[in-house]
There are 2 protein chains.
Amino acid sequence: MRSETAARVLDAAKRLGYVVNPIARSLKTSRSSSIGVVIPDLTNALFPPIMRGIDNVLEPLGYIPLLVNTDNDKEREAKQVAALRARQVEGLIVGTALLSDPGLERLAAEGFPVVLINRRTESSILPTVAGDNVAGVNLAVDYLVGLGHRRIAFLAGPQTTWTGQVRLRAYRNALQDHKIAYDEALVVFTEQFIETEGARGTRELLDRNVPFTALIAGNDLHALGCFDVFAERGIRCPEDVSVTGFNDMPFVDKLSPALTTIHIPQYEVGREAARMLIERINAKADVPAKSVLLPVELVIRGSAAAPASADRNGGAPAGRPARRATTTAV
Amino acid sequence: MRSETAARVLDAAKRLGYVVNPIARSLKTSRSSSIGVVIPDLTNALFPPIMRGIDNVLEPLGYIPLLVNTDNDKEREAKQVAALRARQVEGLIVGTALLSDPGLERLAAEGFPVVLINRRTESSILPTVAGDNVAGVNLAVDYLVGLGHRRIAFLAGPQTTWTGQVRLRAYRNALQDHKIAYDEALVVFTEQFIETEGARGTRELLDRNVPFTALIAGNDLHALGCFDVFAERGIRCPEDVSVTGFNDMPFVDKLSPALTTIHIPQYEVGREAARMLIERINAKADVPAKSVLLPVELVIRGSAAAPASADRNGGAPAGRPARRATTTAV
DNA sequence: ATGAAAGCGCTAACAC
DNA sequence: GTGTTAGCGCTTTCAT
């Protein structure tokens, strides 16, 4: 065909509003240009930025994410994954919290592209992207110890989640680095990463009547629960006890005191997960299941200060503009 | 075919792991079992609950929502809508803020199912679901007046948005109902529904040096901006000025003072929009474009109290558990 | 280089 | 009722 004719055809096509039918294309190519995103609950403030990160890399490539919520229900998850596969998604990004997941592992073993966010499973068939939890806990412990704290309590997240487990282990190790003995009277376990569990845990800790001057909350929601209980019992933060969180959710800078916490780059987590998935989708041969840890930051705000009894004072007074300390992850 | 044979076939199918290919089905039926959801930004706390509401009604029907973010960019929106249509979505739920949208109106006029959330366009071709903004403003004004306020300022949202316009009009009317003269020195316009614009507006208002004892913020984010400026200038809330918000975003109950605001049932907005869309998709003939307003609630927390000068005192002291006042919408 | 045609997996229409 | 077939719109292979 002469190029001039070609131009005229293209022109006519545009004028008549022709658009390719991706359905027909999919049928022929058995590619769908869509990927499945499986999360517990979009309403959890962690996930919107992750979703946007995913979308940000997928969109320019012509992929569209299909989002499903599982509400942490194992059965629902299986059903949703099946529905996604039926729609011929080319890969899956999974952000649910289960520690092991035979269904997903089987999928991955069959060569179906899957990447996990914010967790790792026991077997390492599945590639992962997450914030560097160990570095985050270290940042928090170092900071607190630097402020003069020695009795640092820990609100452990659910041990059925990878995040819960890894943060607890990091806490033990970090104490050890500072030659502080691990005292199990200072750690309390929670069932879920939610505010009420943070409150329950804090009450339990307080009721043990063992002294402590600082508290590392399992995440920001737990910290919210701490604040509730402190208000209940007339405990002042940071004067009586310092608190740090995890995640740096929106608006935790608006609390009183503003929450000192570990910032996790959720948007980047989403981007990286999407990139990784695309790489796997495009790969001819099997790609080894690498796992990437993104650097986290300590965001210093008002909820931690030197303990009343401390000699040296390095505390950040409430209301001071946030400073940031960074670690670069492995 | 004998039913026994049929059973054997079904059995074999299951054993072989047969699943229908929805792509092929779509190609044949030109139905996709998917609908498009167009929002400015998932990261805006308004939208996750709306999304879940949509998902909640769509999922049992076998529909899947395809979500796109426009970042309020007109061009991007057009592109995204085109992409969605190319994917053969059977309908569109649109939550962007533009006051008129010829593209969408054309679509709707052609009989393509579209429903708008949280806004209405000038022409009424498009069906809508939103919270009852007028009732919400009335609730706020009535409450403030009941507390003894007469000089009630208003942070008007962008007048390029339906929400911004309708709330301003409602404010004027509500004042009139209370025989309070409308004073344009007490209203300031903002460019966007974001915190910094709330701050800018509040500064502008304060700099006018006209006295006021209460301030109705355009939405919760604006209220956050107010609080920032109050902190800057040593103004106490609610002692010096009362503030109310709009939306009842997550965590505004954690602010100091906890924000008194109008609760909008976003989850229900999503559900209702999805129901409406499905109804239109299934309709043989044209369905008239009704618009439904969902009831809102005044959530009384700590950011509004009686003015210092007031005779009667009906103020809610900070920290008191929230009470709710409801209106049923039209 | 250009064009023709087969076929992806399904559904609906039709003939039996 | 039961079975057969055309064709949805695209891509890709194959013949020209």
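No hydrogens, no waters, no symmetry mates; every other heavy atom, side chains included, goes into these values. Chain A is the first sequence line, chain B the second, and so forth, proteins listed ahead of strands; every chain is numbered from 1.
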> Of the non-hydrogen atoms in Ile39(B) and Thr96(B), which two are nearest, and what is the gap between them?
Replying inline: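 Of all heavy-atom pairs spanning Ile39(B) and Thr96(B), the closest is C-CG2, 4.0 Å.
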>> Suppose we screen for salt bridge (Lys or Arg N to Asp or Glu O under 4.0 Å). Which residues come up paired with Asp220(A), at least two apart in sequence or across chains?
In response: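 So Asp220(A) forms no salt bridge (Lys or Arg N to Asp or Glu O under 4.0 Å) with any residue.
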Round to a whole Å and report the spacing from [atom1] of [X] to [atom2] of [N].
X        : N       : atom1 : atom2 : value
Ile23(A) : dG7(C)  : CD1   : P     : 23 Å
Gln88(A) : dC10(D) : CD    : C1'   : 15 Å
Arg85(B) : dG9(D)  : CZ    : C1'   : 17 Å

Could you list all N or O pairs between the protein and nucleotides 4-8 of chain D that sit under 3.5 Å apart?
unit_1: dG7(D); atom_1: N2; unit_2: Lys28(B); atom_2: NZ; d: 3.3

>> Distance alone, cut at 3.5 Å: any donor-acceptor contact between the side chains of Ser32(B) and Ser34(B)?
In response: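 The answer is yes; a qualifying pair exists.
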>> Gln192(B): which residues meet the side-chain contact (heavy atoms from CB on, under 4.5 Å) condition with it, sequence neighbours left out?
In response: Ile194(B), Glu197(B)
>> Among residues at least two apart in sequence or on other chains, which ones pass side chain to side chain donor-acceptor pair (under 3.5 Å) with Arg271(B)?
In response: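 In terms of side chain to side chain donor-acceptor pair (under 3.5 Å), with neighbours along the sequence ignored, Arg271(B) is linked to Asn56(B).
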> Which residues satisfy the side chain to side chain donor-acceptor pair (under 3.5 Å) test with Asn282(A), sequence neighbours excluded?
Replying inline: none
>> Determine whether Asp73(B) and Lys79(B) satisfy the following criterion, salt bridge (Lys or Arg N to Asp or Glu O under 4.0 Å), listing intermediate values before the conclusion.
In response: CA-CA 10 Å; Asp73(B) 177 334; Lys79(B) 248 183 67 182; over 6 Å; no
> Looking at side-chain heavy atoms only, is the closest gap between Glu77(B) and Val94(B) below 4.5 Å?
Replying inline: yes
> If you fit an axis to the five pairs at each end of the helix from dA1(C)-dT16(D) to dC16(C)-dG1(D), how big is the angle between those two axes, to 10 degrees?
Replying inline: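 Rounded value for the end-axis angle: 50°.
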